[in-house]
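Predicted, not measured: the structure shown is a model, and the values here were computed from it. Residue numbers begin at 1 in each chain, while the letters A, B, ... track the order of the sequences.
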Protein chains: 2
Amino acid sequence: MAVLDPRPTAECPVERALLVLDGKWSVLIIRELLGGPKRFTELRKALQIGSPKTLTERLRILEHQGVLTRTVYAEVPPRVVYELTERGQSFRSVLEAMAAWGDRDLTLR
Amino acid sequence: MAVLDPRPTAECPVERALLVLDGKWSVLIIRELLGGPKRFTELRKALQIGSPKTLTERLRILEHQGVLTRTVYAEVPPRVVYELTERGQSFRSVLEAMAAWGDRDLTLR
DNA sequence: CAGCATCCGGAACGATACTG
DNA sequence: CAGTATCGTTCCGGATGCTG
């Protein structure tokens, strides 16, 4: 998927959702933020992401897709807070479906 | 993700689900098969996949993950049918959640 | 602290030709 | 028909070093 033009343009709702969920970290980031707003380093630590570039990229894309907001506080040292939009919050239902599926049907093998 | 060892080994249910849904085509393949068993060429045509390699790879992985079965009929010409397992069928709930989310919250921008 | 710039390896995806 | 075998390209994800 193109890096900064991943707007949902697909006709199909499922494909639109896939455009957002694409990428290794998107779902995990959203899940993390469902627990409340987080700062850059908090996310990085929680998700065990080594490279800041990886996280920054995903956050920018999700912001651009309207899933989360990025708020910069002009302080020293700087503080940047990421928070889910309503659209991001409503992803909870999808996450719960995924969790239920992963739990019930994918218990070891 | 490794090509042929993508078994769900993660602790977390969501992460297990992600291990299966990874890859551009997995979800779309499952969705297609929710409409009933399909043959190789049918899937290829329906999903507009140019390269057979891409499709074969995904199918093998999903089979290995217990999402679908592959049945070979010893005929001439050969006939191979892909069909969802119970586990694959139960993915419908996740798909519906995704569709609802993509529909309600991602309608254009 | 929250990134940006840069470089890198590898995996995913894809096109094409060929086979049992 | 249903693949396999090859080859090529894109590009994501990650490591590292530096900066406002």
Student: When you measure from the side-chain N and O atoms of Arg70(A) to the phosphate of dA2(C), is any distance below 4.0 Å, counting only OP1 and OP2?
Tutor: no
Student: Looking at Ser93(A) and Ala97(B), would you say the former's side chain and the latter's main chain have a donor-acceptor pair under 3.5 Å?
Tutor: no
Student: Could you check how far CD of Glu57(A) sits from C1' of dC7(C), rounded to whole Å?
Tutor: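 Atom CD in Glu57(A) sits about 14 Å away from atom C1' in dC7(C).
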Student: Is any side-chain heavy atom of Trp25(B) less than 4.5 Å from a side-chain heavy atom of Leu55(B)?
Tutor: no
Student: Under the 3.5 angstrom rule, does the side chain of Arg31(A) hit a backbone N or O of Arg92(A) as a donor-acceptor pair?
Tutor: no
Student: Within residues 30-53 of chain A, which residues have any heavy atom lying less than 4.0 Å from an atom of DNA chain C?
Tutor: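 Of all residues in residues 30-53 of chain A, the ones placing a heavy atom under 4.0 Å from DNA chain C are Arg39(A), Phe40(A), Thr41(A), Pro52(A), Lys53(A).
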Student: Between P on dC1(D) and CG on Leu55(B), what's the gap in Å once rounded to a whole number?
Tutor: 15 Å
Student: Is there a residue in residues 73-84 of chain B whose heavy atoms reach under 4.0 Å of DNA chain D, and which residues are they?
Tutor: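 Heavy-atom contacts with DNA chain D come from Pro77(B), Pro78(B), Arg79(B), Val80(B), Tyr82(B).
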Student: dT10(D) P sits how many Å from Lys24(B) NZ, rounded?
Tutor: 14 Å
Student: Would you check if the side chain of Arg39(B) reaches a backbone N or O of Tyr82(B) as a donor-acceptor pair within less than 3.5 Å?
Tutor: no
Student: Could you give the CG-to-P distance, from Leu59(B) to dC1(D), as a whole number of Å?
Tutor: 17 Å
Student: Spell out, as yes or no, whether a donor-acceptor pair under 3.5 Å connects the side chain of Arg58(A) to the backbone of Ser26(A).
Tutor: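 Side chain of Arg58(A) to backbone of Ser26(A): no pair is present.
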Student: Using whole Å, report how far CZ of Arg58(B) lies from P of dA12(C).
Tutor: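 Between P of dA12(C) and CZ of Arg58(B): 6 Å.
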Student: Over how many whole Å does the gap from Leu18(B) atom CG to dG13(D) atom P extend?
Tutor: 12 Å
Student: Taking 4.0 angstrom as the limit, do Arg16(B) and Asp103(A) come out as a salt bridge?
Tutor: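 Salt bridge flag = yes for Asp103(A) with Arg16(B).
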Student: Do Pro52(B) and Phe40(B) come close enough that some side-chain heavy atom pair is under 4.5 Å?
Tutor: yes
Student: Round to the nearest Å and state the distance from Asp22(B) atom CG to dC11(D) atom C1'.
Tutor: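 It is 14 Å, rounded to the nearest whole Å.
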Student: Looking only at atom types and distance, does a side-chain atom of Arg87(A) sit under 3.5 Å from a main-chain N or O of Gln65(A), one as donor and one as acceptor?
Tutor: yes
Student: In sequence, state the C-alpha distance, the side-chain angles, and the governing distance for Glu63(A) and Thr69(A), and then conclude on side chain to side chain contact (heavy atoms under 4.5 Å, CB included).
Tutor: CA-CA 6 Å; Glu63(A) 180 190 6; Thr69(A) 59; 6.0 Å; no
Student: At less than 4.0 Å, is any side-chain N or O atom of Arg60(B) found next to OP1 or OP2 of dT4(D)? Yes or no.
Tutor: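 Yes, Arg60(B) has a side-chain N/O under 4.0 Å of OP1/OP2 on dT4(D).
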Student: Would you mind classifying the nucleic acid contact of Thr56(A) as base, sugar-phosphate or nothing, using non-hydrogen atoms under 4.0 angstrom?
Tutor: sugar-phosphate
